[in-house]
There are 2 protein chains.
Amino acid sequence: MPGPIPSSRDARPTLEAVAARAGVSRATASRVVNGGAGVRQPLVDQVRKAVEELGYIPNHAARTLVTRRNGAVAVIIDEPEFRIFSDPFFSRQIRGISRELNVYDAQLVLLLVEGSGDFDRITRYLAGGHVDGVLAFSLHTDDELPAVIRRFRVPTVYGGRPGTPGDASEHAVPYVDCDNRGGAREAVRHLVSLGRQRIGHIAGPRDQTSALDRIDGYRDVLPDSDPSLVVEGDFTVEGGARAMAELLERHPGLDAVFASNDLMASGALRVLGEHGRRVPEDVALVGFDDMEQVAEATDPPLTTVRQDVEGMGRLMVRLLMQRLNGEGQETDSVITPTELVRRVSA
Amino acid sequence: MPGPIPSSRDARPTLEAVAARAGVSRATASRVVNGGAGVRQPLVDQVRKAVEELGYIPNHAARTLVTRRNGAVAVIIDEPEFRIFSDPFFSRQIRGISRELNVYDAQLVLLLVEGSGDFDRITRYLAGGHVDGVLAFSLHTDDELPAVIRRFRVPTVYGGRPGTPGDASEHAVPYVDCDNRGGAREAVRHLVSLGRQRIGHIAGPRDQTSALDRIDGYRDVLPDSDPSLVVEGDFTVEGGARAMAELLERHPGLDAVFASNDLMASGALRVLGEHGRRVPEDVALVGFDDMEQVAEATDPPLTTVRQDVEGMGRLMVRLLMQRLNGEGQETDSVITPTELVRRVSA
DNA sequence: ATGAAAGCGCTAACAG
DNA sequence: CTGTTAGCGCTTTCAT
């Protein structure tokens, strides 16, 4: 079905050509191309036919120049190397975003931030109005991005609750996050329901709200637990392994662990094995994220807390589009539910 | 260092304003903004100053409209769900691409293809000339993308050797790939050097050239090996596990396995364990890719073949830019070297 | 070396 | 309902 699209990129037909062929004015042709509202059917048909025959494709730049809309959204990911390398989390979220963006016929411009150097570049980019909106991830407490976003008033939705104070004013930027705290509670409650008495927690880095929220969830269920039962990891396999070793040293009698993500849980699993602990018999283990790749591949497979990462991505796009269309400047943030997935480790 | 950039996206200063402030014509201002060649120093300085003071940022759409360049490159990934979900490979390659694109001050537009439906969309997008060039991945043998690319003559570089015949004419599209065959040879030779006698191979899907090339590498070293020693997997953990089980059933006496990627190797590892085989004592195992996340997290850590994924991404961008700048229409493909990384599994 | 002027392709008032 | 008319902001001959 090759269709009549011209075989070269150059010398593409313009609206002018379409109008001429259809025997109408450029304005009418434009109207038809943009939906055809308020144009009589016969003319609509003529124009459509001309478009078809000529293989007309609108020139985006020209359109953007006058409408000041560019049909593109930037996805900004500010993440230290190790995490984007080792965490399918982003691939998934981006897939959700991409899918939903397609619905709106919008393009996805990917901006990876690696250091303050990149920051200027991104500032200029956003300031230049090259995109209609922004989807930003991994805001760390010391991030400069929120300031830029506020300054240029770029419509934005955050992925994950931002660590910055986030002025509660009318300009608050909405975010989409899963119920980290509730999920953590569920995980720990599950461990408790298993009859476990000494439950440790391998936390994520303190500069990420998700890690903080999960610690809170842990404490919600175990308010009187010994503080030394919580060790900070860095969301990597190795970090999880180190934390587990530390935990074991401090509390040899430990009988359960809630790790703040699956990667750390897998590291913990290995260390547990090395120290002769059977899982789940001696020590029950629950992770977080439900990254199948990790959670199902470990031995034993991990019981973990699932979050709908793709759905969260789609949601972010929807919220952004609402803002762009002016429907409710007062968009609210959304917290999505989590679900405990029982496998073998607990 | 906030700088003088205006605090709102609207009402941005135009070149006109800059020219007025600098007391020159728009043409001169434009020249300065674009490098300042052929403009006397004093004027250059005046314009630069005005740009600075006004916080002028060029309007991309206007520029694109006249230059027909848009400073953007599309990255097209056509990959069934499971792989992008479970393979850090892309994250890494994209990071390399992103970094190198920054060097050229070009934007990255991400296009995820999920089915034939998406195909129309992408065709229209490319035909619309929204991007200056394309970086395309995961061409399967039955892909429609190459046809579109050829038809519209979009400057393109493939990631990985495409499965399509790839007319050897002057319009051949260059690609960047690692030395899959050589890497596989190295892996298998290593196994041989360890004194292993019955070496199996868990291959990747037949519609991917990387999998095919690795099989070839295996056969290069073991030309007379029993065909039943090669089992096809699908590059996933589960697929690797199934393949390993099959292999064990066919050849209980197996003493080594070369898996076509690390994910499958990790699945194989688990099955090996379940069947009471010690690794590497009873069965030596080598993977491919060196995805640290997987290769270092398994127990024992995997010996594997490393490919410089990020470097390959950067290389793709460089080749594309060469094409765009007309330097050498006859860009050649590049095969990057691999390296055996010895850990514990072999 | 610099400026004037002519568009790039499209949309959006505004008339009719 | 349709056509005419202005630009959107920038680059690029072409004169000077």
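Every chain is numbered from 1, with letters handed out A, B, ... down the list of sequences.
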- [ ] Return the angle between end axes of the helix from C/dA1-D/dT16 to C/dG16-D/dC1, with five pairs used per end and rounding to 10°.
- [x] 40°
TODO: Rounded to the nearest angstrom, tell me the gap between atom CD in B/E16 and atom C1' in D/dC10.
DONE: 11 Å
- [ ] Send over the distance from B/N70 CG to D/dG9 C1', rounded to a whole Å.
- [x] 16 Å
Open item on the list: Test of understanding: with side-chain hydrogen bond (donor to acceptor under 3.5 Å, both in side chains), list the residues that count as partners of B/D308, not counting sequence neighbours.
Closed with: none
- [ ] On DNA chain C, reading 5' to 3', which nucleotide is the first and which the last to sit with an atom under 4.0 Å from a heavy atom of chain B, could you check?
- [x] C/dA1 to C/dG9
- [ ] Ignoring backbone atoms, establish whether B/N59 has a side-chain N or O less than 4.0 Å from OP1 or OP2 of D/dC8.
- [x] no
TODO: Respond yes when some side-chain nitrogen or oxygen of B/S30 is under 4.0 Å from OP1 or OP2 of D/dT11, and no when none is.
DONE: yes
So, using side-chain contact (heavy atoms from CB on, under 4.5 Å) as the criterion, who are the partners of [X] when residues are at least two apart?
X     : value
A/N59 : A/R12, A/A61, A/A62, B/L65
B/A22 : B/V24, B/Q46, B/V47, B/A50
A/R40 : A/P42
A/A17 : A/P13, A/T14, A/L54

Mind checking what makes salt bridge (Lys or Arg N to Asp or Glu O under 4.0 Å) contact with [X], not counting sequence neighbours?
X      : value
A/R318 : A/E100
A/D177 : none
A/R48  : none

Table please: side-chain donor-acceptor pairs of residues 26-37 of chain B below 3.5 Å, with sequence neighbours left out.
from: B/R26; atom 1: NH1; to: B/E16; atom 2: OE1; distance (Å): 3.0
from: B/T28; atom 1: OG1; to: B/S25; atom 2: OG; distance (Å): 3.4
from: B/S30; atom 1: OG; to: B/N34; atom 2: ND2; distance (Å): 3.4
from: B/N34; atom 1: OD1; to: B/R63; atom 2: NH2; distance (Å): 3.4
from: B/N34; atom 1: ND2; to: B/S30; atom 2: O; distance (Å): 2.8

Can you check nucleotides 2-5 of chain D for protein contacts, nitrogen or oxygen pairs under 3.5 Å, and list what you find?
from: D/dT2; atom 1: OP1; to: A/R40; atom 2: NE; distance (Å): 2.8
from: D/dT2; atom 1: OP1; to: A/R40; atom 2: NH2; distance (Å): 2.9
from: D/dT2; atom 1: OP2; to: A/R40; atom 2: N; distance (Å): 2.6
from: D/dG3; atom 1: OP2; to: A/S25; atom 2: N; distance (Å): 3.0
from: D/dG3; atom 1: OP2; to: A/S25; atom 2: OG; distance (Å): 3.3
from: D/dG3; atom 1: OP2; to: A/T28; atom 2: OG1; distance (Å): 2.8
from: D/dG3; atom 1: N7; to: A/R31; atom 2: NH1; distance (Å): 3.4
from: D/dG3; atom 1: O6; to: A/R31; atom 2: NH2; distance (Å): 2.6

Open item on the list: Please determine whether the number of non-hydrogen atoms from other residues, nucleotides or ligands lying under 6.0 Å from atom CZ of A/R69 exceeds 12.
Closed with: no
